[in-house]
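Proteins get letters first, then strands, A, B, ... in listed order; numbering begins at 1 in each.
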Amino acid sequence: MVVPSLKLQDLIEEIRGAKTQAQEREVIQKECAHIRASFRDGDPVHRHRQLAKLLYVHMLGYPAHFGQMECLKLIASSRFTDKRVGYLGAMLLLDESDLSQGIQPVQGLALCTLSTMGSAEMCRDLAPEVEKLLLQPSPYVRKKAILTAVHMIRKVPELSSVFLPPCAQLLHERHHGILLGTITLITELCERSPAALRHFRKVVPQLVHILRTLVTMGYSTEHSISGVSDPFLQVQILRLLRILGRNHEESSETMNDLLAQVATNTDTSRNAGNAVLFETVLTIMDIRSAAGLRVLAVNILGRFLLNSDRNIRYVALTSLLRLVQSDHSAVQRHRPTVVECLRETDASLSRRALELSLALVNSSNVRAMMQELQAFLESCPPDLRADCASGILLAAERFAPTKRWHIDTILHVLTTAGTHVRDDAVANLTQLIGGAQELHAYSVRRLYNALAEDISQQPLVQVAAWCIGEYGDLLLAGNCEEIEPLQVDEEEVLALLEKVLQSHMSLPATRGYALTALMKLSTRLCGDNNRIRQVVSIYGSCLDVELQQRAVEYDTLFRKYDHMRAAILEKMPLVERDGPQADEEAKESKEAAQLSEAAPVPTEPQASQLLDLLDLLDGASGDVQHPPHLDPSPGGALVHLLDLPCVPPPPAPIPDLKVFEREGVQLNLSFIRPPENPALLLITITATNFSEGDVTHFICQAAVPKSLQLQLQAPSGNTVPARGGLPITQLFRILNPNKAPLRLKLRLTYDHFHQSVQEIFEVNNLPVESWQ
Amino acid sequence: MMRFMLLFSRQGKLRLQKWYLATSDKERKKMVRELMQVVLARKPKMCSFLEWRDLKVVYKRYASLYFCCAIEGQDNELITLELIHRYVELLDKYFGSVCELDIIFNFEKAYFILDEFLMGGDVQDTSKKSVLKAIEQADLLQEEMGLA
């Protein structure tokens, strides 16, 4: 007959109702038998109830070990009720007796478990037990107890106060295991509390003494590794000394001699010695050490760099990188060795060497370093190319001795690693060239030659196209002292630009550059413009919206506004620092023509566009901008052209929002609210791709609540090449006259890694400023 | 502090995993998978250290097994190499010329030895003799208990 099991309340009542001890025992025994049977039968539904009863019984002092397995089963269950009781059982039933009375191996096991998985509550409960064990005679248990204490402090920092007092005494021990544990414990205490740190500064002399003894005489040979006495202990002491000596003059002074001694006496033929030496160097660099000692440390690192062991070279490079800011001149002395390391076959080593070399470039060594770095760029593995290229460009910008050298360097980088340079490299280079008037002829020739050889590197092609467009006349003029005379005739130039236009390798932005360049050449070249006109009209029916618009505009320029052509396509004035206003306006008109494609535009009737262009010539407002090829944010001048409401650079920018990320493809929203039209919100979505695969056929659709009006402009494209290629941008116009809360639902479809992806989601966390 | 130690074969089979920081099972599986991929892709001549997530990973290959430790930013990589070597020496002494099969069939012994050498991610005892003696005693105890 199955007796229904008692509820916990009933059991408690019954037990309390028992008048005598014997009666109580009877009740409990009966119930325990019941519980045992129920555990055996494996009844999952009431298991937690049974365990709860068992815990109550245990609390009263009766044995309850048979419940321990059930605790595990309950913990593994998915129901919260089960887990709760299960964990409680585990904590209560963990045999404390094992810790306090068990034989040593068992104590060891218990401590081990506690240190590996002890929860915060367990640690709190068992801290007193562990503290007692710290003072036990057996070193086997003590060393384990100490490390368990370390774990407890990591879990429950308040226990520091419990374990701080015994430390001082433990330091006097001779057993290496105990010493090691104690040092670790002290390190942990000091890292967590500044008060402990101050307290333990007192033991610095003692630590110094221990370490000195280790180094000179050694406690015993059983702890040595290849001639170095107990390297584990040495490293741990050095680490603690580092923490104690940091920012503290007095302690640092006490350590100086010892550190010098360790640094010079350690045998470095094997890894153990080098490990100790490495830790010593780290300590020297971190504390307030004497200058001579620091130089010694850097020299040791320099020696490491020459070590045949790859691992040692790696740690040396890493440490030198950390030091290059604070001890620049000392590290400079090892520059040749560092540069040697660039030739490493191991990628992680060469990456470190690259970072360090870049950090070491300064105005005196820039030419030599650049040579090395450029040689490296040619042969380095592809994942380092981008970093190397940007590093070289940055260093060139900071330390270029002459403009010509600078241009040469950038040119070289673009030809070798063009696809890996950052996007603003093109803008920087065009600005640089534009500013160096004496070098126009030189630049355009070099670029022409480079372009003639290779039209695949997009940044190079873009810069070259721009240059040829601007300075085409210089190219054809013939003489330039700095390179061999080059006879280029017009047809060749046009053919080259056409080749760029037609090549499938050219990005849409590049094509835009090429087309504009062709157009500019129409005023620079002496021959007739039929060929140019032909090309321009062909592209009037191009599928790419930007190109089409450009082509149609230029075509119209030829047909209806030919008299204006020369003025519009004038050479850009130099970018002067304090340029006169007139220059800037003329410049803006040029840039406006180029900027017109940067922002995605609906295909409106061309005539009105050109009319605005003419307006522009009379007076412009807005900021000077570099010819951007990615950035769609409209400047003041641009806006007239596009018939959008004026959007000055946002005074109080609403922060951008990242709304979507999947496998390296990201979608960002940026918000603009034009002050003149408070009901209007312009959202620009930018889709970027940092993965290894291209994103194609990208379409983004949006929906807003009924009270708002949404207008989507055409996107800049529907492909985002891999690895940070040209992003797609698209503009949404949202009219919100009632200031209703903005909600936005997006639907993305695209192909990625040969799979079609569709994502529909609502954008959360839209900033309040976007609709209030 | 060491975060975890993994032992795995060249074929990507996990032989031992010891975690010194509480992590969920799902998270552990993910980390193991990722790390194995990264380490197995390394060429033989490359250095033993690499950066992974926000940790430093020190690995060394002994015959067919990779011994892999993940340590934190301020830990000393070179001494971790010594640590790995010491563990291998302990295994070697215990099993007598240890090979992967020993670890496969006696994985609990491998764990016991590790637990005598490291605790909570830190070295317990720097003397090889002392660690081996403790294991011997534990084994003896186990036998005695078994007989009784």
Side-chain angles (χ1 to χ4, degrees), chain A residues 103-106 108-109 111-113 115-117 119 139-140 143-144 146-148 150-151 154-155 175-181 184 188 220 222-223 225 230-236 238-239 242 271-272 274-279 282 309-315 318 344-349, chain B residues 1 18-22 41-51 56-60 73-86 89 111-112 114-142 144-145:
Chain A
I103 45 179
Q104 283 190 17
V106 175
L109 286 172
L111 282 169
C112 190
T113 314
S115 88
T116 313
M117 41 169 272
S119 66
Y140 176 77
K143 71 181 185 196
K144 289 189 194 278
I146 298 175
L147 285 175
T148 312
V150 172
H151 170 85
R154 283 186 184 139
K155 267 280 184 300
H175 187 271
H176 280 230
I178 297 185
L179 266 180
L180 188 55
T184 315
E188 204 60 39
S220 66
E222 80 178 61
H223 298 279
I225 301 183
D230 208 341
F232 294 110
L233 185 54
Q234 285 198 41
V235 165
Q236 207 63 13
L238 284 165
R239 221 170 117 181
R242 181 155 84 238
N271 186 48
N274 284 322
V276 173
L277 205 52
F278 180 50
E279 196 72 30
L282 289 178
D309 185 346
R310 205 166 279 118
N311 297 328
I312 307 236
R313 290 207 293 275
Y314 181 85
V315 300
T318 317
E344 294 277 354
T345 42
D346 181 343
S348 31
L349 273 171
Chain B
M1 172 193 142
K18 188 78 186 180
W19 296 79
Y20 292 110
L21 193 70
R42 302 272 286 185
K43 301 205 226 8
K45 289 286 185 184
M46 297 177 99
C47 79
S48 293
F49 313 129
L50 56 99
E51 257 135 58
K56 298 199 270 202
V57 171
V58 180
Y59 73 93
K60 196 148 177 184
Q74 69 268 36
D75 293 331
N76 183 333
E77 295 101 317
L78 296 174
I79 205 78
T80 313
L81 267 181
E82 285 301 320
L83 192 150
I84 294 180
H85 191 72
R86 173 54 69 86
E89 281 179 339
Y111 274 109
F112 292 156
L114 186 61
D115 285 339
E116 281 299 325
F117 177 45
L118 298 177
M119 189 190 273
D122 302 302
V123 176
Q124 263 182 68
D125 204 323
T126 48
S127 152
K128 226 182 344 190
K129 225 169 50 173
S130 159
V131 175
L132 286 168
K133 202 160 76 147
I135 307 226
E136 236 178 72
Q137 280 184 343
D139 280 348
L140 228 59
L141 203 58
Q142 201 170 340
E144 280 175 23
M145 297 278 141

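For the residue pair Tyr140(A) / Gln124(B), no side-chain donor-acceptor distance below 3.5 Å is found, with atom types taken as modelled. Checking Asp230(A) against Thr126(B) by side-chain atom types alone, a donor-acceptor pair falls below 3.5 Å.
Considering every non-hydrogen atom in both Lys144(A) and Asp115(B), the closest pair reads NZ-O, 4.0 Å. Of all the heavy atoms in Asn274(A) and Leu78(B), the pair that sits closest is O-CD1, 3.7 Å. Between Ala272(A) and Glu82(B) the shortest heavy-atom distance is N-OE2, 3.2 Å. When all heavy atoms of Ala275(A) and Asn76(B) are compared, the closest pair comes out as O-ND2, 3.1 Å.
Between the NE2 atom of His176(A) and the OG atom of Ser130(B) there is a distance of 11.0 Å, given to the nearest 0.5 Å.
Contacts between Thr148(A) and chain B at a heavy-atom distance below 4.5 Å involve backbone atoms as well as side-chain atoms. For chain A, the nearby parts of Leu83(B) are the backbone and the side chain; heavy atoms of each come within less than 4.5 Å. Residue contact with chain B, scored on non-hydrogen atoms closer than 4.5 Å, is absent for Arg313(A).
Applying the side-chain hydrogen bond (donor to acceptor under 3.5 Å, both in side chains) rule to Glu188(A) yields the partners Arg154(A), Arg192(A); only residues at least two apart in sequence or on another chain are considered. With sequence neighbours excluded, no residue forms a side-chain hydrogen bond (donor to acceptor under 3.5 Å, both in side chains) with Asp309(A).
For chain B, the option among Val315(A), Thr318(A), Asn311(A) with the highest count of heavy-atom pairs below 4.5 Å is Asn311(A). Interface check for chain B: of the options Leu180(A), Leu282(A), Ile146(A), the most heavy-atom pairs under 4.5 Å are formed by Leu180(A). Comparing Ala22(B), Ser48(B), Ala138(B), Gly120(B) by how many heavy-atom pairs each has under 4.5 Å with chain A, the most go to Ser48(B). Between chain A and the residues Glu116(B), Glu77(B), Lys128(B), the most heavy-atom pairs under 4.5 angstrom are made by Glu116(B). Contact tally against chain A (heavy-atom pairs below 4.5 Å) for Gln137(B), Met1(B), Lys129(B), Lys43(B): the top residue is Met1(B). When each of Pro139(A), Gly181(A), Pro231(A), Gly177(A) is checked for heavy-atom pairs under 4.5 Å with chain B, Gly177(A) comes out on top.
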Just do the side-chain contact (heavy atoms from CB on, under 4.5 Å) check on Gln74(B) and Arg239(A) with the steps written out, would you? CA-CA 9 Å; Gln74(B) 69 268 36; Arg239(A) 221 170 117 181; 3.7 Å; yes
Intermediate values then yes/no, side-chain contact (heavy atoms from CB on, under 4.5 Å), Asp125(B) and Lys143(A): CA-CA 8 Å; Asp125(B) 204 323; Lys143(A) 71 181 185 196; 2.9 Å; yes
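The aromatic rings of Tyr314(A) and Phe49(B) sit tilted, their planes meeting at an angle between 30° and 60°.
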